[in-house]
Amino acid sequence: MLSLLDHLNREQLQAVTLPNQHALILAGAGSGKTRVLTTRIAWLIQTGNASPASILAVTFTNKAAREMIARVSAMLPISTRGMWIGTFHGLCNRLLRAHHRDAGLPQLFQILDSQDQLAMVKRVLKRLNVDEDRFPPREVQWFINDAKEEGIRPPALAVHDEASRRHAELYAAYEEQCRQEGAVDFPELLLRCYELLERNEPLRAHYQARFRHILVDEFQDTNRLQYRWLKLLAGGGNALFAVGDDDQSIYAFRHANVGNMADFEREFRVPNVIRLEQNYRSHGNILDAANALISHNRKRLGKNLWTAAGEGDPLRVFEAQTDGYEASFVAEEVQSLARDGLARREIAILYRSNAQSRVIEHALFTQGIPYRVYGGLRFFERQEIKHALAYLRLLANPDDDGALLRVVNFPTRGIGARSVEALQDAAAARGTSLWQAVGHLTGKAAAAVGSFARLIATLRESTRGLPLAETVEHVLHASGLLEHYRGERDGTDRVENLEELVNAAAAFTQDEFAAAQLAAPEGGGEAIDPLNAFLAHAALESGENQAAEGVDAVQLMTVHAAKGLEFQVVFITGLEEGLFPHEQSAHDPDGLEEERRLMYVAITRARARLYLSFAQTRLLHGQTRYNVASRFLDELPAGVLKWLTPRGRTPLDDAAWRAAPPVVRPRRGDRGAPALPYRIGQNVVHAKFGQGVIVGAKGSGADAQVQINFGANGMKWLQLGIAKLEPA
DNA sequence: TGAGGGATGGGACCA
DNA sequence: CCATCCCTCA
C-alpha cells in the first residue's frame, strides 16, 4: 500500500512494520540497516502510529545523525523538526541546556573535549602538588572517565588502598574545578543527564511520556551508562528499537559493551529479534570469506550473510618481501584499476594502525596517484583553532580558566610562568577564577596580565552584538593570532584554517538545523546566543577532516575508520601476526575475537574486489621486524582465494640472504669461520611449533639461542643445540 | 621567553 | 623511525 515499503525484503519489512514493542534487529554488514531504521521512522509517522515529537533516534556520530535526518526527510513530506535525532552526547547536551538549573549547571556550561579535559586534570594535579610520576595525568583522566561511565561519583568509589583513596580525592578535586569553571566533559554530559532523569521524577515522566519510540543505531557500541540512559527513557512502556551487529563490535577499548545486546534481550524480554542476513553489498566470495572468518569466534549471537549476487572475483592475496614492495604493489594495482576507468574514490587502502600509512603514501606519491588520508587531527582539534576558540570562550565566559591559561601568553606577550603562577596563587587564595584574580596582582605580573585582561575586556565590548562570523574575524585579528601565524614559516596552513573558522561560523549561523536545535530548548528555557551555541557545536562536532573535496583520490584509513563505509575495491594491507591481529591482543581470547571482528569489518567493506596483502619484513619503530602471515589468512576458505604470489612464505632471495645477519656471529679471531646455517629472516620448521621465521639471536657456540616467530603458535626462544630445526 | 637537545615511548575511536 | 615531552641554555 505504501511506496515506502517497496523493495524491502521479508525481514526488513517485518522489522519496519513491527508493532510498538521492543525489538532487537541483528543487522549484518551491508544488510540495509540504515534503510530499516529510517524507513521505520517514516512508516511510524506515515501510518499515524507516531507523531514526529514522539521519536527519539540516537546515533554515535554526527555523520550518522545527519544521514538519518536526510533520509527520513527524503521519505516524508513533513519536516523532521519535531523529532529528536542526534548523538548520545548531542541529545544530552540539549537536555542539559534546557534543564540546566535542575541539572545543577550554569546555562552556558562549556564542553571540554579530551584535550581540554587532560589539561584540566593536569592543572588540578599541579595545584594539589601531586607527583605526576606516581599519578600520570592520562591515567587519572582514564580513571575519572571510567568511573563516570560506570555511573560512580567520588563518594561512592570503593577505596581499598592508598592509590585508590588518592584517585578518589583527585576525582573529587577535578569535579570541583569543573563546577567552578562551569565545565562539562564528554562522559559528564551523559552521566549528568542520566542523573537528572533518574532523580527528577516529573522530568523523567515528561520525557517518557513524550518519546514513545526510541531507536538506536550501532547498539553494539553502547557502553554501560548509555544502556542505562536508554533504559531510563524507555521506561513507562516505550518501545526501544535497537539495531546492531555483534560481529562488528570493535570498540571494546573505549568501553563499548557488546553484552548490552544480550542484556537488552533478556531484561526487556524483547519479543522481536529479527536477523537481517541478506547482504546487498558484496559478491559471494567476499561474503564466504567473511562468514568463514567470523565463524572462528565463539562469543556470537549468530548470523550468516548471503547474497543473491554472483560469486564474483576471488580474493587476491599478495605476499611481499618487504613493506615497501607491498606498498608498490598496491600502488601499481590502483594505477591499473584507475586506468580501467574505476574512480579512485571507489578504492580504499586499509591498515590496522596509522603508522603503516607512511610507506603506502610514499608509494602512491612516487607514482603520482592522488590520495587522501583519513584520521589524524580534526578541524576543531587543531591547535590554532583551539587557540581561537579559547579567545571566543573568554568572550562568552571570562571565568573559563582553561581558556585563559591557553591564550594568556599566546601569541607571546611577555607573561611568563612566574606571572601565571602569581595569578593562580591569587585566585586560589580567594577561591575565585583567574579572571577575577587579575585585579589582585601586584608588581610586574600586574602590568603584563593587566594588559591581557584589558585586551579581553575591549574585545568583549567591541564584539557585542556583532554577527558571529564578524566576531570571530575580529577576534582573530585583535588577538594577534593571524599575525602570529602569518609570521611563522610553516604557518600558511594554520592561517587558512583560521580563515576557514570564519567560514564555519558563517555557515553555522545559517544552518537551520543547528539553529533550530539550539535556539528553542525544550521547556521554554532561555535561548542561547549564537556564540555559545557555536562553541557547543565546536566541542560536539569535532569537524570532519578538511573539506578537500573535488579531487578524485584513493582513500587511506584504518580499519576502524572504515566501519560503515563501502568501496568497489578494498585493499587490506599488513596482514601479519603481531600487526593484525595486533600483538597486544593476540594473547587473550577476547582480544583476539575483537581483532577478528575488525578483520570481518574490513572484509565486508568491499563490494566487488578485495585484495589481501602482507610483507615478510617491515620497518616498524625504526627496526626491521620479521613477520609471518596473519592467522586470519588461514581462516579463509582456500577456494575463494587467488594467490598472486607462490603460496606460502617464499624463502629469502640471494640478495636478502647475504644482507641478513647470521644468527651466530663468528667470534673475534675466528677469521674465515664458515657461515652458520641460520640467518635472521630465514624460514624454519619445528617439529612441534611448525613453520616460523627467525627474528633474533643471542649467545654463541653451544649456548646460542634463536628467537622464532611461529605466528599463531607464538614467539619462542629456542636453544640452537637442542631444538630440532629444519631450514624450510 | 622560547629555541633546540635529549630522552622516551609507540593501537584503534567518537562525542 | 617518528612524534612528543621535558629540560636546559642563550
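Residue numbering restarts at 1 for every chain, and letters A, B, ... go by the order of the sequence lines.
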Does any N or O in the side chain of [X] come within less than 3.5 Å of the main-chain N or O of [Y], such that one atom is a donor and the other an acceptor?
X	Y	answer
A:T617	A:T624	no
A:R618	A:T322	no
A:R228	A:E150	yes

Heavy-atom side-chain proximity of A:L197 to A:W229 below 4.5 angstrom = yes

Rounded off to whole Å, could you give me the [atom1]-to-[atom2] distance for the [X] and [N] pair?
X	N	atom1	atom2	result
A:Q584	B:dG9	CD	P	14 Å
A:Q141	B:dC14	CD	P	17 Å
A:E381	B:dC13	CD	C1'	10 Å
A:Q383	C:dT4	CD	P	11 Å
A:Q226	B:dA15	CD	P	12 Å
A:Y374	B:dA12	OH	C1'	18 Å
A:H537	B:dA15	NE2	C1'	13 Å
A:E218	B:dA15	CD	P	12 Å

Between [options], which nucleotide gets closest to the side-chain atoms of [X]?
X	options	answer
A:H560	C:dC1, B:dC13, B:dA15	B:dC13
A:R358	B:dG10, C:dA3, B:dG2	C:dA3
A:S353	B:dA15, B:dG2, B:dA12	B:dA12
A:T87	B:dG2, C:dC1, B:dA15	B:dA15

inquiry  = Please list, in numerical order, the residues of residues 248-259 of chain A that have a heavy atom closer than 4.0 Å to any atom of DNA chain B.
reply    = A:Y251, A:F253, A:R254

remark   = In terms of heavy-atom contacts, A:R94 and A:M83 come closest through NH1-O, 4.5 Å

task = Determine the minimum heavy-atom distance between A:D323 and A:L619, stating which atoms define it.
result = OD2-N, 3.1 Å

Which part of the nucleic acid, if any, lies within contact of [X], taking any heavy atom under 4.0 Å across all strands shown: a base, the sugar-phosphate backbone alone, or nothing?
X	value
A:L350	nothing
A:D221	nothing
A:L540	sugar-phosphate
A:F60	sugar-phosphate

message = Go nucleotide by nucleotide along DNA chain B from the 5' end; which of A:H89 and A:A417 gets its closest nucleotide reached first?
response = A:A417

ask   = Taking for each residue the nucleotide of DNA chain B with the nearest heavy atom, is it A:I415 or A:A539 whose nucleotide lies nearer the 5' end?
value = A:I415

Is the phosphate of [N], meaning OP1 or OP2, less than 4.0 Å from a side-chain N or O of [X]?
X	N	result
A:N409	B:dG2	yes
A:N62	B:dA15	yes
A:N354	C:dC2	no

message = Quick check: any donor-acceptor pair below 3.5 Å linking the side-chain of A:T61 to the base of B:dA15?
response = no

key: A:F135 atom CZ, over 12 foreign heavy atoms within 6.0 Å   = yes

query = Yes or no on salt bridge (charged side-chain N to carboxylate O under 4.0 Å, His left out) for A:D246 and A:R597, after CA distance, side-chain angles and deciding distance?
reply = CA-CA 9 Å; A:D246 55 318; A:R597 290 192 292 269; over 6 Å; no

ask   = In whole Å, what separates the P atom of B:dA12 from that of C:dC5?
value = 16 Å

request  = Taking the six-membered ring for Trp and the full ring for Phe, Tyr or His, determine whether the centres of A:H484 and A:F410 are under 6.0 Å apart.
outcome  = yes

request  = Searching all strands shown, indicate the nucleotide that pairs with B:dA12 (Watson-Crick or G-U wobble; both distances under 3.5 Å).
outcome  = none

